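This report concerns only the one structure given below.
If you're wondering where the values come from, they're calculated on a predicted model, not measured in any experiment.
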Amino acid sequence: MTLSPLNQRRWRNFTANRRAYWSLIVFLVLFGVSLFAEVLANDKPILIRYKGEFYTPIIKFYPETAFGGDFQTEAVYRDAEVACLIRTGGAELCLDDPDDATQQALTGSIDGQPVTPGWMVWPLIPYSFNTVNDIGGSAPSAPDARHLLGTDDTARDVLARVIYGFRLSVAFALIVTLTTSLIGILAGAVQGYFGGLTDLLFQRLIELWGSTPSLYIIIIVGAIWQMDFWLLVILMTLFGWTALVGVVRAEFLRARNFEYVRAARALGVSDWVIMFRHVLPNAMVATLTMLPFIVTGTISSLAALDFLGFGLPSSAPSLGELTLQAKQNLQAPWLAFTAFSVFAIMLSLLVFIFEGVRDAFDPRKTFQ
């Protein structure tokens, strides 16, 4: 698809801002990697070959009986017996002595019977965000060759939780920013364009809604229902949509009496076409100026709620929960360093990107 001349100019302006351009590349790489967190960090193999057939545990449920075990529950692939069953093709000796069975399988037979050896392809990080590891000591444990960023106070791998937590925080912020922006822009456009009684009623509504103690409402809702990702998105959207209303309203109030708006009205153009095709593009610069604050504020709000215990469940891979663990385990400085570094890098990249987007949409700025 070919970009219009206007969008080509915007893209040139954005790429001319080297800080924003390289921040976008770095952020897309990090976020793209986190989208494949299940492939990168998981306590289930990516691929298994057992008796000549292939299995994909990361996307499909397999009971232990599928590999010659005794239980109908999902196979625990890190268990020595299950690993032995897969490598030896379901040898019964695995249930008694998995180490001996594995050693015999290397010779091509077990107790004189030929076997079809199997294998497992593990992720680079063989732990998921909720995997409790046997670290052979007290938790949290310091970084080592097995756990590059150490473990938290429940022996879960910090690097795995950071990868999943980064994806969760960015996805949450982008979804909330999109929904709040759509509602806020629509409300501000209606207020500013029509003015009069419509503007007055909307302003009183926003004043009442803005004075609502959002933290108390979230605490009450969390006490009634189990808090999850989408419920928190809805609550954050309900209390965050007013952020853009004032900016958009001011731009529409300023532009509603411009000559081109009057000319469009005289030609019979509908109000909604004038609002969103002619007036809104002129209001986008001021709108985009606010987006970095909304995105970073949403991430910070999610982390704060998780830190206080009113956000996502403690089992969720939350960066706010990691920050809480850093506070509760001052003897483990790697937790605080990891949490600070992730927040600093993530928020800095997002701010630089949106600064470049804002300048690209500003018709008064042209980069050479």
Side-chain angles (χ1 to χ4, degrees), residues 26-48 56-62 74-80 82-83 120-174 228-229 232 299 302-303 306-307 309 311-329 331-347 349:
V26 173
F27 177 80
L28 289 178
V29 170
L30 294 177
F31 188 54
V33 169
S34 71
L35 291 177
F36 299 94
E38 286 79 8
V39 178
L40 186 63
N42 209 319
D43 55 4
K44 301 176 184 178
I46 300 173
L47 184 66
I48 291 177
T56 52
I58 62 172
I59 60 176
K60 189 174 181 181
F61 172 91
Y62 297 106
E74 185 173 16
V76 181
Y77 301 97
R78 301 174 66 200
D79 184 75
V82 175
M120 295 183 288
V121 177
W122 284 91
L124 292 176
I125 305 171
Y127 320 105
S128 186
F129 67 90
N130 57 357
T131 303
V132 178
N133 302 281
D134 183 9
I135 57 177
S138 60
S141 62
D144 55 25
R146 291 180 57 201
H147 307 283
L148 297 181
L149 295 180
T151 62
D152 61 12
D153 58 6
T154 55
R156 296 172 298 188
D157 187 75
V158 173
L159 180 56
R161 291 185 66 80
V162 165
I163 295 173
Y164 283 88
F166 181 87
R167 181 179 66 179
L168 178 68
S169 297
V170 173
F172 180 86
L174 294 179
D228 59 16
F229 181 88
L232 201 54
I299 294 176
L302 176 63
D306 291 336
F307 181 84
L312 298 174
S314 59
S315 60
S318 165
L319 298 178
E321 193 266 345
L322 179 62
T323 307
L324 177 61
Q325 291 206 26
K327 170 182 174 294
Q328 295 174 340
N329 297 277
Q331 79 282 3
W334 57 89
L335 296 177
F337 176 78
T338 301
F340 171 79
S341 299
V342 173
F343 277 118
I345 294 173
M346 177 169 52
L347 297 180
L349 291 175

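Residues Ile125 and Ile163 have side chains in contact (heavy-atom distance under 4.5 Å, counting atoms from C-beta outward). Counting heavy atoms from C-beta on, the side chains of Leu322 and Val342 never come closer than 4.5 Å. Thr131 is not listed as a side-chain neighbour of Asp157, based on a closest heavy-atom distance of 4.5 Å or more. Counting only heavy atoms from C-beta outward, the side chains of Leu35 and Arg167 approach each other to under 4.5 Å. A 4.5 Å side-chain heavy-atom check between Asp306 and Leu319 finds every atom pair outside the cut-off. For the pair Pro140/Gln331, a side-chain contact is recorded, criterion being any heavy-atom separation below 4.5 Å from C-beta on. Annotation: side chain of Tyr62 is in contact with side chain of Thr56 (closest heavy-atom distance under 4.5 Å). Here the side chains of Leu168 and Phe229 are in contact, with some heavy-atom distance below 4.5 Å.
In this structure, NZ in Lys44 is found 6.5 Å from CG in Asn42, a value given to the nearest 0.5 Å. Ile135 CD1 to Ser141 OG: the interatomic distance, rounded to the nearest 0.5 Å, is 4.0 Å. Between the CD1 atom in Ile299 and the CG atom in Leu174 there is a gap of 7.5 Å [rounded to 0.5 Å]. Atoms CG and CZ, on Asp134 and Arg146 in that order, are 7.0 Å from each other to the nearest 0.5 Å. Atom CG of Leu149 sits about 10.5 Å away from atom CG of Asp144, to the nearest 0.5 Å. Of the inter-residue distances, the one linking Asn130 atom CG with Arg161 atom CZ reads 8.0 Å to the nearest 0.5 angstrom.
Of the residues listed (Val158, Asp43, Asn133), the one engaging Tyr127 in a side-chain contact (heavy atoms from CB on, under 4.5 Å) is Asn133, and it is the only one.
For Leu335 against Asp152, the heavy-atom pair with the smallest separation is CD2-CA, 4.3 Å. Closest heavy-atom contact between Pro45 and Pro123: CA-CD, 4.4 Å.
Checking side-chain atoms of Glu38 against main-chain N and O of Ile58 turns up no donor-acceptor pair under 3.5 Å.
Among residues two or more places apart in sequence or in another chain, the ring pair (Phe, Tyr, Trp, His ring centres under 6.0 Å) test is passed with Tyr164 by Phe129.
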(request) Please lay out, stage by stage, how Thr323 and Phe343 fare under the test side-chain contact (heavy atoms from CB on, under 4.5 Å). (result) CA-CA 10 Å; Thr323 307; Phe343 277 118; 3.5 Å; yes
